[in-house]
2 protein chains.
Amino acid sequence: MVKKAEGSAEDRLIARYFRPLASHPGALGLADDAAILVPPPGCDVVLKADAIIGGVHFFPEDSADAVGRKALRVNLSDLAAKGAKPVGFLLSLALPDGTPDVWLASFADGLRADAQLYGCPLLGGDTDRTPGPVMVSIAAFGTVPHGSMVRRSGAKPGDTVFVSGTIGDAALGLKLRREPGFAARYRLEPHERDHLLARYLIPEPRLALSEPLRLYASAAMDVSDGLAGDLAKLCGASGGSAEIEIEKVPLSDAARRIIAVDASASELAVTGGDDYEVVCTIAAEKLDAFRAAAFASGVAVTEIGRIIAGRTAPRFLDRHGHALEFAHPSFSHF
Amino acid sequence: MVKKAEGSAEDRLIARYFRPLASHPGALGLADDAAILVPPPGCDVVLKADAIIGGVHFFPEDSADAVGRKALRVNLSDLAAKGAKPVGFLLSLALPDGTPDVWLASFADGLRADAQLYGCPLLGGDTDRTPGPVMVSIAAFGTVPHGSMVRRSGAKPGDTVFVSGTIGDAALGLKLRREPGFAARYRLEPHERDHLLARYLIPEPRLALSEPLRLYASAAMDVSDGLAGDLAKLCGASGGSAEIEIEKVPLSDAARRIIAVDASASELAVTGGDDYEVVCTIAAEKLDAFRAAAFASGVAVTEIGRIIAGRTAPRFLDRHGHALEFAHPSFSHF
């Protein structure tokens, strides 16, 4: 398509919907070709890119507001787990022809609200038409004091394994979206159903845990592809294994109700994706300090097991000490 | 889909095709959730994100090698125009179901070759399945000494306007791709046809000009949406206008041959997209130094006009001093 020299439709779209998000001085009002980040002296920049695609990571009928929030939050979840403080993000947005203005306005509203909430303004990016579904690709940046990014690879035998929040809600929420009879089958209360749906729709990045993790965790990562699989990655990177007591894995009331009726749902809870919680490991001498700092952060953390020596996959033990066998240990797009 | 705990298909794909590109120590071998950039002391980070989509920015039948190169180069072109030295990039790659391994291998080969050529290694990213076309979203990072990123906004009346390389080749190359009779109509030699096709397929980021621009340019940007429209943006950001002598706009032999037959093609040359050249402005007292530094860089630069006072769109003057009227001053995706 063509445009007038005084400003293309793309320029107007950016000015109208996205300039209000670009409060960072380095965004240059989105009126240049690139953004500038001046890292605080002595800090490293932590970089993360993750995209969400209509029909893959969200339902095409999801509200645009929720799509905007989810796109940013899945990236902020990683920054939190790495101990980083967000500083800004770049957005590549691909829109199908005929995307209505009202969709775009709602998308930008959601993104703006979260950019403000989490102190992570828009730095720049691009918009394109696509013959495919909506795709929101975000690269998010945070800072940490030099050398202090929390890695996957630092867990040691004897370290205690913690997770934040509750596990499995989003996977159960996705099941609710896909199976209309699901809520009735488990006699979920409306507020329980809403809880699970909300946990799938818009994750909660655990940025309040960022500093406690940076100060005290030997290893951490966000749980986005299922606790079992992500913990296996952490153990693999650290050269160890883990024993997890499945009864200690924190569950919401809604998840508990489902598992009380159908014990097999506990496998879905620990292997399903989209939790966007944090799994971390804490050495014995830092346990008290971590517990206190996590408590002060307001994000619940729960001890679920410990790191052990060995190169086997982490074992999830039932109340009798028997290791559970999972048919599908983890979620993958491939 | 599901995966084994010891590594998903996505993990294997990343290890096989993308780990070889992740030579930057901050990429952590792509084995963590985020990457680390340690900015050199006293440097700002320059950030740019741009995506390319099959059927929009490239033809689905283009070689995967060319797609990988183009995706990185369109971002490097911006870093060059901003005076930045590349340091690395994040990749979000969305692939249709059934994308063959041979496509992916070729894509990664192209990307690896250019990452090496331009000193811009892979830092991290993600891969996803999409029901839509291939989408390659790259966020590229460079550094500049603090405060020295070249902006669009610094041009002053009297500054000389330069462009790098030749203008219009890519737009004519795209026309060749779309109109089978085009080459015959203009009696293009095979090497001329190949030149135009190549200029559309894989742009040439002008990174060798990066330092001369940083040292001497009052304003600069890359020319990706057509010289006329992009110069209008630069003038708008600088609060000025420009007079360009269209006969001075540098053209390749192939473009000259087409314009000799069909004068109207010169409009396409200065308004068509995908040049990935640099337009910049140089104050009188820095002209000699810029010319010398540009010459030493090996990238041809050509004086095409000057910045003037006023807020009107830049004027392109023919040999008689008459301003040309363009039907479509610039390219836009919207």
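Reminder, nothing fancy here: chain letters follow the sequence lines and each chain counts from 1.
Contacts between B:Met221 and chain A at a heavy-atom distance below 4.5 Å involve backbone atoms as well as side-chain atoms. With a 4.5 angstrom heavy-atom cutoff, B:Cys235 does not touch chain A via any of its atoms. Both the backbone and the side chain of A:Ile36 come within contact range of chain B, each with at least one heavy atom under 4.5 Å from a heavy atom of that chain. A:Ala35 touches chain B through backbone and side chain together, each having a heavy atom under 4.5 Å away. Contact of A:Ile138 with chain B is not made at all, since no heavy-atom distance falls under 4.5 Å.
By the 4.5 Å heavy-atom criterion applied to side chains, B:Lys70 and B:Pro203 are counted as neighbours. Within the 4.5 Å cutoff, no side-chain heavy atoms of A:Asp128 are placed close to those of A:Met135.
Residue with the most contacts toward chain A among B:Val38, B:Val45, B:Asp44: B:Val45 (heavy-atom pairs, distance under 4.5 Å). Contact count versus chain B (heavy atoms, under 4.5 Å) is highest, among A:Gly55, A:Gly54, A:Gly125, A:Ala31, for A:Ala31. Among B:Thr130, B:Asp78, B:Asp50, the residue with the largest count of heavy-atom pairs under 4.5 Å with chain A is B:Asp50.
Here B:Tyr276 pairs with nothing under the ring pair (Phe, Tyr, Trp, His ring centres under 6.0 Å) rule; sequence neighbours left out.
At a heavy-atom cut-off of under 4.5 Å, chain B is reached by A:Lys82, A:Leu90, A:Ser92 from residues 81-92 of chain A, listed in order of number.
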